[in-house]
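This report concerns only the one structure given below.
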Amino acid sequence: MESGQRFSLFRYAAPNVFYPLAGRLAPWFAAAAVAFALVGLYLGFFVAPTDAVQGEVYRVIFIHVPAAWMSMFIYLIMAFWSAIGVVFNTRLSAMMTQALAPTGAMFCFVALWTGALWGRPTWGAYWVWDARLTSQLLLLFLYFGFMALTRAIEDPRRADKAGAILALVGAVNVPVIYFSVKWWNTLHQGASVSLTKAPSMATTMLMAMLVMALASWAYTIAVVLWRVRSLILERERHTDWVGEVLEAKGAQA
């Protein structure tokens, strides 16, 4: 295999090459998100059995758990893109990081909100300063801080660098969230799904949760691809190729 073919994927690091690819992929992931969500919600709310201890209220996990997973995964992906941007000085890396942040913040808020709804009948309170809840709240503040910081700095290069540093430093909080139930005595239950042991839930419940996780992933990819296209047009607006794209859109309108 020739060197040019082996590293052909690197060409998509150029915004003008990635822009049309993102436009082609986003609708497919959006359709997949809708399909997975419909299946997952049906399994979770109509097929999965009632929990013997918690009753019907447990069904919030089919939204809560995938949202919590995504809030952590997205921040780690932001840290990954930040590292790529710092090491290789690629413009697209910073745009991907900024495109991911709002969706990560949304999932983090949903995880906290649904957790509160679940906590009221389970713990008797909407909120407790539990180690996992507190570290999850800190993650939401990190998302807000990243978005505020990158928008407060006018120079895009300086904003990209400052955001990358915050994303990399803040990534330390993700393992704290995940291992908090093991490191401290918390009210929050341990993981129901683990790579090292059998799941502690019925197969139907597990399938519903995993399908909802796939829906969350597909939704994230679709939204981020659409958002990064807008960021590319904004950041590259002085280039000739963006002018051609905008002219083509104007002609179609």
Is the backbone of [Y] close enough, under 3.5 Å, to the side chain of [X] for a donor and an acceptor to pair up by distance?
X: Arg132; Y: Tyr178; answer: yes
X: His64; Y: Ala111; answer: yes
X: Arg59; Y: Ala48; answer: yes

Exercise. Side chain to side chain contact (heavy atoms under 4.5 Å, CB included) between Leu225 and Phe18: does it pass, once the steps are laid out?
Worked result: CA-CA 10 Å; Leu225 288 176; Phe18 186 77; 3.7 Å; yes

As an exercise, state the distance from [atom1] of [X] to [atom2] of [Y], rounded to the nearest 0.5 Å.
X: Ile77; Y: Thr220; atom1: CD1; atom2: OG1; result: 8.0 Å
X: Leu233; Y: Thr239; atom1: CG; atom2: OG1; result: 8.5 Å
X: Thr134; Y: Ile177; atom1: OG1; atom2: CD1; result: 10.5 Å
X: Cys108; Y: Leu142; atom1: SG; atom2: CG; result: 9.0 Å
X: Leu112; Y: Ser71; atom1: CG; atom2: OG; result: 7.5 Å
X: Glu234; Y: Arg229; atom1: CD; atom2: CZ; result: 15.0 Å

If you count the non-hydrogen atoms of other residues, nucleotides and ligands that lie under 6.0 Å from [atom1] in [X], is the total more than 12?
X: Phe45; atom1: CZ; answer: yes
X: Trp241; atom1: CH2; answer: yes
X: Met147; atom1: CE; answer: yes

Do you know the tightest heavy-atom contact between [X] and [Y]?
X: Pro27; Y: Gly23; result: CD-O, 3.2 Å
X: Ile84; Y: Ser93; result: CG2-OG, 3.3 Å
X: Leu168; Y: Ser82; result: CG-CB, 4.1 Å
X: Ala164; Y: Val86; result: CB-CG2, 3.8 Å
X: Tyr219; Y: Met106; result: CE2-CE, 3.5 Å
X: Ala222; Y: Ala30; result: CB-N, 3.5 Å

Exercise. Do Phe107 and Trp69 have ring centres separated by under 6.0 Å?
Worked result: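 Distance test on ring centres: not under 6.0 Å, no.
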
Problem set entry | Tyr75 and Tyr143 aromatic ring geometry - parallel, tilted or perpendicular at 30°/60° bounds |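 Aromatic pair Tyr143/Tyr75 classed perpendicular.
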
For this session: Using the six-membered ring wherever Trp is involved, compare the ring planes of Trp113 and Phe109 and label them parallel, tilted or perpendicular (cut-offs 30° and 60°).
Result: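 Trp113 vs Phe109 ring planes: parallel.
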
Exercise. Would Met209 and Ile61 satisfy side chain to side chain contact (heavy atoms under 4.5 Å, CB included), going step by step from the backbone distance to the final call?
Worked result: CA-CA 8 Å; Met209 188 180 297; Ile61 68 172; 3.5 Å; yes

Indicate, with yes or no, if [Y] and [X] share a hydrophobic cluster defined by side-chain heavy-atom contacts under 4.5 Å among Ile, Leu, Val, Met, Phe, Trp and Tyr.
X: Ile165; Y: Phe88; value: no
X: Val47; Y: Met207; value: no
X: Val34; Y: Val39; value: no
X: Phe73; Y: Val169; value: no
X: Leu38; Y: Ile221; value: no

Any side-chain heavy-atom pair of [X] and [Y] under 4.5 Å:
X: Thr103; Y: Arg227; answer: yes
X: Val211; Y: Phe62; answer: no
X: Asn89; Y: Arg157; answer: yes
X: Met95; Y: Glu236; answer: yes

For this session: Give the C-alpha distance, both sets of side-chain angles, the deciding distance and a yes or no for salt bridge (charged side-chain N to carboxylate O under 4.0 Å, His left out) between Arg235 and Asp160.
Result: CA-CA 12 Å; Arg235 293 282 294 268; Asp160 293 347; 2.6 Å; yes

Exercise. Going through the checks in order, is the side chain to side chain contact (heavy atoms under 4.5 Å, CB included) test met by Met78 and Trp81?
Worked result: CA-CA 5 Å; Met78 286 174 56; Trp81 280 113; 6.0 Å; no

For this session: Report the C-alpha separation of Asn173 and Val176 in whole Å, then their side-chain angles, then the decisive distance to 0.1 Å, and conclude whether the side chain to side chain contact (heavy atoms under 4.5 Å, CB included) test is met.
Result: CA-CA 5 Å; Asn173 186 53; Val176 173; 4.2 Å; yes

For this session: Apply ring-ring contact (aromatic ring centres under 6.0 Å, His included) to the pair Trp217 and Phe29, showing each step before the final yes or no.
Result: CA-CA 9 Å; Trp217 267 112; Phe29 282 104; over 10 Å; no

